[in-house]
There are 2 protein chains.
Amino acid sequence: MGTETFTPGEVSAMDQALDLASRGVRGANPLVGAVILDADGATLATGYHRGAGTPHAEADALANARATHAVVTGATMVVTLEPCNHTGRTGPCSRAIIDAGLGRVVFAAADTTDAAAGGAAALRAAGIEVASGLGAGAAMELNARWALAADQRRPFVTLKIASSLDGRIAAEDGTSQWITGAQARQDGQAIRSRVDAILVGTGTALADNPRLTARTPDGAEAERQPLRVVVGRRPVPADAAVRGRDGRFVQLDTHDPAVAAADLFGRGVRHLLVEGGSTLASAFLRAGLVDELVVYTAPLLLGAGLGSVTGLGVATLSDAPRWRWDTAGGGAVMHLGADLRLRLEPVPPPFDDETKDG
Amino acid sequence: MGTETFTPGEVSAMDQALDLASRGVRGANPLVGAVILDADGATLATGYHRGAGTPHAEADALANARATHAVVTGATMVVTLEPCNHTGRTGPCSRAIIDAGLGRVVFAAADTTDAAAGGAAALRAAGIEVASGLGAGAAMELNARWALAADQRRPFVTLKIASSLDGRIAAEDGTSQWITGAQARQDGQAIRSRVDAILVGTGTALADNPRLTARTPDGAEAERQPLRVVVGRRPVPADAAVRGRDGRFVQLDTHDPAVAAADLFGRGVRHLLVEGGSTLASAFLRAGLVDELVVYTAPLLLGAGLGSVTGLGVATLSDAPRWRWDTAGGGAVMHLGADLRLRLEPVPPPFDDETKDG
């Protein structure tokens, strides 16, 4: 791919596509952005993927082109990920691109997942010119944790923590409702409504008796409900709220996060939200299985009480894994009422951008 | 004052003056903004106070008017605080306003400090029309903690904490250098260079042997050096770095933050930076003596090690004093390299705005 050549318009369109990609929210699907260019390199339409269950970036860009009656016959699509070749919740992007009559596709990173791969070959077979590698490093870095989770055949894992400025999730007497305010809690509900499963430990299930349902701002249950999962060996009472009545409850008899994650992947879970408690959250962190960290920080200091995490195996400062602020999906820092939402991701390994080397 | 009347131009100028005021940094002096209006209510110049040792807002606005050759004779100054009447590091603002030939002064809140009060009377005596109370609630709220510190005849207190996301200031083995990166540490040095004194406990003095000097980015000592203060009864060794060679070192034989604060006020300290450790920081918090909280948050989780604060006397969640994000002085949240700087202030009591009631 080092011998591919790209027009200046394609190079700047890829930068734009990467920016668009980062507007999406992380989860079951990778972040992808797309730009459609005419023969002169002018932008005809743009699109990006807003999260699982919504159109892929390519389909979004094509729909935006249709909405403005732009003529895309023979046009070039610049997209941050190889167009998919499978029918998931939406149809294959390779088919949509072929049907729209595009002449050329430039993508950054190859899609190596079993289900979606093969898009480039399908496009070429239909007579579409395909080039790749432009912006590959940045595109791979953008979805590094998503790709790692896919490679490991486990869900993308979001860990949610709601704590005081000094990292406490409960006061000395155990009170924890509510450290954060209504807006932060509603944001947490919005995450619940996007994920495939919510996980808590038996300690949390027994102590707080949570419903683990996704609820709308008026308190009603959201249309889409995640699987409710309790991990641990202690029995969950027959009348526990988490059991619900819809059959979407499961208890996993394990303390190993990797075992739980693999089990849930086998059940079709591609985005998992770990809600706590402290022990479970720490086990996922220690295992390196947290892909996205969402911390709701309340403007108070408690000075005592349960810490958000414990026993991470970090003996000395230089041992601590580094995270970085994740600017995708609305930004790393957001004010939510009186609270602050912080979003972080593990610092990824370095990715080479072939187009810079070649 | 409820019978004062203000022009629409003065009302909007006061909003602007309050915005300008909040650009300043907190410390020894209150945040103040000023706008000079011509007879038609058009803005001739604006100004604000950038912090101790720099011109007051009124002087800044007058200087900006001079710089643009604006004619201020007979003009109106709208300012968020009663112009001062004393010569401190800068001359009295009442004198500057009289000398500039202004015709009218509208101020929000009265200056009740012994040293500075009397500005309105001085202006009136010089034949200048004076009205007050416009925006008083907002102006008093903006400087609530500064006014409280002045009332209590103690310094304005800034507490600095550098911690992990889970509120640890050191790892399990005690390592703490450096939790935060170079940019955050340099920002901490910039605070040091603004304050009148830096306070640590004997524990920190003995364990870390800090110099407590303010240093420039290249590591040299800043021109202006704060008083270096150690509180506690354990002797500070003769060769301790904190002693320095300039005589600007003092040890206070007390564990009571109020006693230390009062003592330092008596020595002329108007802005005090509390740097730690955890025990000292917590004592100041418990005593309600922290006016500004600066938290440098590093993007890592430690799971063990010394907490940033301890023993605040908060037994249950509802007991926890509430803080709020302080948008003055560059904003509540700032990215500094890989770290985040959070700035908060105690939630002030409600202030009535007389002009809204009257």
Side-chain angles (χ1 to χ4, degrees), chain A residues 159 161 163-179 181 278 281-282 285-286 290 293 295 297-305 307-327 332-335 338-340 342 344-347, chain B residues 159 161 163-179 181 278 281-282 285-286 290 293 295 297-305 307-327 332-335 338-340 342 344-347:
Chain A
L159 171 61
I161 292 171
S163 73
S164 64
L165 281 168
D166 57 327
R168 311 281 180 180
I169 62 171
E172 197 165 12
D173 68 350
T175 48
S176 64
Q177 291 182 350
W178 299 104
I179 280 188
S278 175
S282 303
L285 287 163
R286 207 166 44 234
V290 176
L293 181 60
V295 182
T297 299
L300 50 88
L301 295 162
L302 292 171
S308 57
V309 288
T310 177
L312 298 180
V314 176
T316 193
L317 191 54
S318 54
D319 285 352
R322 288 274 158 177
W323 296 72
R324 67 177 187 185
W325 309 100
D326 184 4
T327 53
V333 181
M334 186 185 285
H335 285 277
D339 307 309
L340 215 55
L342 309 178
L344 301 97
E345 62 175 348
V347 174
Chain B
L159 171 61
I161 292 172
S163 73
S164 64
L165 281 168
D166 57 327
R168 312 279 181 182
I169 61 171
E172 197 166 12
D173 68 349
T175 47
S176 64
Q177 291 181 350
W178 299 103
I179 281 189
S278 177
S282 303
L285 286 163
R286 206 166 48 235
V290 176
L293 181 59
V295 183
T297 299
L300 50 89
L301 295 163
L302 292 172
S308 58
V309 289
T310 179
L312 298 181
V314 176
T316 193
L317 191 54
S318 54
D319 285 353
R322 288 271 159 180
W323 297 71
R324 68 178 187 184
W325 309 101
D326 183 3
T327 54
V333 181
M334 186 184 287
H335 284 277
D339 307 309
L340 216 53
L342 309 178
L344 301 97
E345 62 175 347
V347 174

Is there a donor-acceptor contact under 3.5 Å from the side chain of B:Thr175 to the main chain of A:Leu317?
yes
Counting heavy-atom pairs under 4.5 Å to chain B, which of A:Ala315, A:Ala170, A:Ala171 comes out on top?
A:Ala315
Count the heavy-atom pairs under 4.5 Å between each of B:Leu285, B:Ile161, B:Val333 and chain A, then report the option with the highest count.
B:Val333
CA sep, side-chain torsions, deciding dist, call: A:Leu165, A:Thr297, side chain to side chain contact (heavy atoms under 4.5 Å, CB included)
CA-CA 6 Å; A:Leu165 281 168; A:Thr297 299; 3.7 Å; yes
Got a sec, which residues hit side chain to side chain donor-acceptor pair (under 3.5 Å) with A:Arg322, two or more places apart in sequence or on another chain?
none
A:Asp339 side chain to A:Gly181 backbone, donor-acceptor under 3.5 Å:
yes
Looking at A:Ile169, A:Ile179, A:Asp319, A:Val295, which one has more heavy-atom pairs under 4.5 Å with chain B than the rest?
A:Ile179
Look at A:Gly305, A:Ala338, A:Ala304, A:Ser278 and state which one has the largest set of heavy-atom pairs under 4.5 Å with chain B.
A:Ala338
Given that the side chain runs from C-beta out, which part of A:Ser308 has a heavy atom under 4.5 Å from chain B: side chain, backbone, both or neither?
side chain
B:Arg168, part contacting chain A, at a heavy-atom distance under 4.5 Å
side chain
Rounded to the nearest 0.5 Å, what's the gap from CG on B:Leu340 to CE on B:Met334? Could you check?
10.0 Å
Here the gap from B:Leu342 atom CG to B:Leu293 atom CG, rounded to the nearest 0.5 Å, amounts to 8.5 Å
Chain A contact via B:Leu344 - which portion, at a heavy-atom distance below 4.5 Å:
side chain
